[in-house]
A.B. asks: 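Below is the structure I would like to discuss, written out as structure tokens.
Along the sequence shown, residues are numbered consecutively beginning with 1.
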Amino acid sequence: MRLKTYIVQNVSEALPMIKRDLGADALILNTKKVKVGGFIGFFQKEKLEVTAAVEAKPKKKKASQPETDEPANAEIRQPAPQHASTGVNHKDSPDERQTGDLINELKGIKQFMMQSMKEDHLPVTLKPLNQRLNSQEVTKEIQSEILSKMMLTLGQQPDISAAHIHRMAKTEIIRLIGLHQQKPELKDPEIICFIGPTGVGKTTTIAKIAADLLLREGKRVGLITSDTYRIAAVEQLKTYAGILNIPIQVVDSAEDLTRAMNELKACDIILMDTAGRNYQQKQYIDDLEALLTDKNKIQINLVLSLTSKYEDMKKIIDNFQTIQMDQLLLTKQDETSSSGAILNLIYHYSIPVTYIANGQNVPDDILTATPELIANFVLGEDDND
């Protein structure tokens with residue numbers, strides 16, 4: 001790892017220096033205000049100390065070349081190796097200990113970076129983007145990745161247009177999604193089961209997917225509901241089944257599920273609704289596990305509403321961890337002004353986000369969760385796109 005410290009007026013002044021010295025992959029580790037110059041403590045000027053780092057690429061050693069100390073001009077020396085013959089560790093120098101501490105600190109560097117990048121240190125051209133990401137409730141860790149990358153790319157370019165900033169941010173978000181979005185596991189389930197808390201729109205979402213499979217893909221679709229806690233939910237799904245002219249079965253136990261699958265064996269795919277209950281009640285999770293016994297035949301989709309707080313979504317996912325979740329569906333995008341949770345979930349969890357529902361119309365208001373779509377939701381669509 002290479003470290004370099006700069007004394008500058010602001011972060012914008014340091015960016016081209018960092019890019020020149022350490023490259024575009026460098027990270028800003030810390031910024032702090034310092035007093036410099038003056039005479040015997042008087043007339044000092046306040047400046048900004050910026051510390052940046054980049055992971056050094058290891059050099060391949062030639063087979064015939066003996067190990068030697070690193071060059072005298074190396075910015076950071078690696079800790080001395082342990083000698084197996086004696087079992088003695090060379091005592092680390094203060095610089096080497098500091099390097100080890102910094103390496104450990106880098107494990108949480110993305111969070112730390114954003115804490116250091118206060119808005120008053122951002123270039124003027126990036127402040128509207130920062131405000132947009134904040135309003136969309138994108139986590140600080142993700143903001144740090146987007147803004148630091150753009151700061152290093154842009155440097156001091158005061159004439160960058162808002163449209164150009166928008167395009168760059170969209171490209172960066174798409175890149176992040178590409179790095180973190182998990183691809184759905186390839187399997188051929190007999191049942192696609194939809195789970196989640198009450199009020200997230202599972203039944204309507206099932207109807208949309210059933211209509212899409214039936215009308216667009218020509219599949220023979222069957223429906224099962226285990227939501228016997230709410231009579232209205234059963235009647236609602238029966239209404240959709242009648243409109244689509246597809247069979248439906250009602251179950252309340254694992255034995256009933258086996259019977260229902262036999263009744264629907266002529267179908268290519270079966271979609272199953274479950275009761276929306278309080279996700280904090282362990283009994284609900286236990287009931288689901290008892291019902292969904294044959295995991296190999298069942299694909300489990302967790303349905304969450306984007307009108308929920310992101311912290312609540314995290315708690316829901318954590319409480320469902322005992323159940324193997326294959327995909328994540330997000331609903332009610334049209335009912336919220338904040339879509340940053342989509343990006344947060346992709347970044348922080350390994351569950352593929354496959355669909356986003358943005359209305360009540362069946363079968364129209366459901367969209368495939370592409371990186372471009374998510375970037376547009378987070379940033380808003382630019383008129384010049």
A.B. asks: Start with the C-alpha distance between I146 and M168, add both sets of side-chain angles, then the distance that settles side-chain contact (heavy atoms from CB on, under 4.5 Å), and finish with yes or no.
C.D. replies: CA-CA 9 Å; I146 296 170; M168 286 186 64; over 6 Å; no

A.B. asks: Where do L257 and M272 come nearest, in terms of heavy atoms and distance?
C.D. replies: CD1-SD, 3.9 Å

A.B. asks: What closest approach, in Å, do K219 and L214 show between heavy atoms, and which atom pair accounts for it?
C.D. replies: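 What the structure gives for the nearest pair is O-CD1, 3.4 Å.
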
A.B. asks: Heavy-atom distance under 4.5 Å between the side chains of E145 and R175, does that happen here?
C.D. replies: yes

A.B. asks: Given L213 and L271, is the side-chain contact (heavy atoms from CB on, under 4.5 Å) satisfied, shown in steps?
C.D. replies: CA-CA 10 Å; L213 290 170; L271 307 182; 4.2 Å; yes

A.B. asks: A side-chain contact here means heavy atoms from C-beta on lying under 4.5 Å apart; do T204 and Y240 qualify?
C.D. replies: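 A side-chain contact exists here, since the closest heavy-atom pair is under 4.5 Å.
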
A.B. asks: Main chain of V138, side chain of Q143: is a donor-acceptor contact present, judged purely on distance under 3.5 Å?
C.D. replies: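 Between the backbone of V138 and the side chain of Q143 there is a qualifying donor-acceptor contact (under 3.5 Å).
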
A.B. asks: Going by side-chain hydrogen bond (donor to acceptor under 3.5 Å, both in side chains), name the pairs with one or both residues in residues 334-344, residues two or more places apart or in two chains.
C.D. replies: Q333-S339

A.B. asks: M325 and I317: side-chain contact (heavy atoms from CB on, under 4.5 Å), yes or no, with the steps?
C.D. replies: CA-CA 9 Å; M325 292 169 285; I317 293 174; 4.2 Å; yes

A.B. asks: Are any non-hydrogen side-chain atoms of L304 and P197 less than 4.5 angstrom apart?
C.D. replies: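 Counting from C-beta outward, L304 and P197 do come under 4.5 Å.
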
A.B. asks: Of all heavy-atom pairs between A210 and I246, which one has the smallest distance, and what is that distance?
C.D. replies: CB-CD1, 4.3 Å

A.B. asks: Would you compute the distance between atom CG of L264 and atom CD1 of I270 and round it to the nearest 0.5 angstrom?
C.D. replies: 4.5 Å

A.B. asks: Within the 4.5 Å heavy-atom criterion, are K238 and V250 side-chain neighbours or not?
C.D. replies: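 Result yes, sub-4.5 Å side-chain heavy-atom pair found.
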
A.B. asks: How many angstroms lie between CG in L379 and NZ in K170, if you round to the nearest 0.5 Å?
C.D. replies: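 So the gap between those two atoms works out to 8.5 Å.
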
A.B. asks: Are any of the side-chain heavy atoms of I209 and L329 separated by less than 4.5 Å?
C.D. replies: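 SC-SC contact between I209 and L329 confirmed.
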
A.B. asks: Restricting to non-hydrogen atoms, name the atom on V303 and the atom on V200 that form the minimum distance, rounded to 0.1 Å.
C.D. replies: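 Here V303 and V200 meet closest at O-CG2, 3.6 Å.
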
A.B. asks: Which side-chain N or O atoms in residues 351-359 pair as donor and acceptor under 3.5 Å with protein atoms at least two apart or in another chain?
C.D. replies:
{"unit_1": "T354", "atom_1": "OG1", "unit_2": "Q327", "atom_2": "OE1", "d": "3.1"}

A.B. asks: Hey, does the side chain of S226 reach the backbone of V251 with a donor-acceptor pair shorter than 3.5 angstrom?
C.D. replies: no

A.B. asks: Out of curiosity, does L237 fall in the hydrophobic cluster containing I243 (side-chain heavy atoms, cut-off under 4.5 Å, transitive links)?
C.D. replies: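 Cluster IDs for I243 and L237 differ.
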
A.B. asks: Look at the side chain of D365 and the backbone N and O of N361, then say whether any donor-acceptor pair between them is shorter than 3.5 Å.
C.D. replies: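 Side chain of D365 to backbone of N361, a donor-acceptor pair under 3.5 Å: yes, one is there.
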
A.B. asks: So, D212 side chain and K208 main chain: donor-acceptor pair closer than 3.5 Å or not?
C.D. replies: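 It does not hold such a pair.
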
A.B. asks: For G201 versus T205, what's the shortest heavy-atom pair and its separation?
C.D. replies: O-OG1, 2.7 Å

A.B. asks: In terms of hydrophobic clusters joined by side-chain contacts under 4.5 Å, are V54 and Y6 together?
C.D. replies: yes

A.B. asks: Measuring from atom OG of S148 to atom CD1 of I18, what distance do you get when rounded to the nearest 0.5 angstrom?
C.D. replies: 10.5 Å

A.B. asks: Is it true that I174 and I342 fall in one hydrophobic cluster, defined by side-chain heavy atoms closer than 4.5 Å?
C.D. replies: no

A.B. asks: Within a strict 4.5 Å, meaning less than it, do heavy atoms of the H348 and E141 side chains meet?
C.D. replies: yes

A.B. asks: Check the surroundings of atom CG in N245: do more than 12 heavy atoms from other residues, nucleotides or ligands lie under 6.0 Å from it?
C.D. replies: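 Open.
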
A.B. asks: Could you tell me the separation between the OG1 atom of T139 and the CD atom of E137, rounded to the nearest 0.5 Å?
C.D. replies: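 T139 atom OG1 to E137 atom CD measures 11.0 Å (nearest 0.5 Å).
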
A.B. asks: I'd like to check the side chain to side chain contact (heavy atoms under 4.5 Å, CB included) partners of Q9; sequence neighbours left out, ordered by chain and number.
C.D. replies: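 Side chain to side chain contact (heavy atoms under 4.5 Å, CB included) check on Q9 returns E13, K47.
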
A.B. asks: Do T5 side-chain atoms and V50 backbone N/O form a donor-acceptor pair below 3.5 Å?
C.D. replies: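 Not confirmed, T5 side chain does not pair with V50 backbone.
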
A.B. asks: Hydrogens and angles aside, do S305 and T307 bring a side-chain donor and acceptor to less than 3.5 Å of each other?
C.D. replies: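 S305 vs T307: donor-acceptor pair found between side chains.
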
A.B. asks: Decide yes or no for Y310 and L345: does some side-chain heavy atom of the first lie under 4.5 Å from some side-chain heavy atom of the second?
C.D. replies: yes

A.B. asks: Please report the interatomic distance OG1(T368) to CG(L373), rounded to the nearest 0.5 Å.
C.D. replies: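 If we round to the nearest 0.5 Å, T368:OG1 and L373:CG are 8.5 Å apart.
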
A.B. asks: So L126 and I165, do their side chains get closer than 4.5 Å, heavy atoms only?
C.D. replies: yes

A.B. asks: Hey, is the main chain of N301 close enough, under 3.5 Å, to the side chain of D326 for a donor-acceptor pair?
C.D. replies: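 Not at all, since once roles are kept as given, no pair shorter than 3.5 Å links the two residues.
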
A.B. asks: State, to 0.1 Å, how close V378 and Q136 come at their nearest heavy-atom pair, and which atoms those are.
C.D. replies: O-CG, 3.1 Å

A.B. asks: What's the separation between atom CD in Q182 and atom OH in Y349, rounded to the nearest 0.5 Å?
C.D. replies: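 Between atom CD of Q182 and atom OH of Y349 there are 14.0 Å.
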
A.B. asks: Please walk me through it: do L129 and M150 pass side-chain contact (heavy atoms from CB on, under 4.5 Å)?
C.D. replies: CA-CA 11 Å; L129 172 61; M150 293 183 65; 3.5 Å; yes

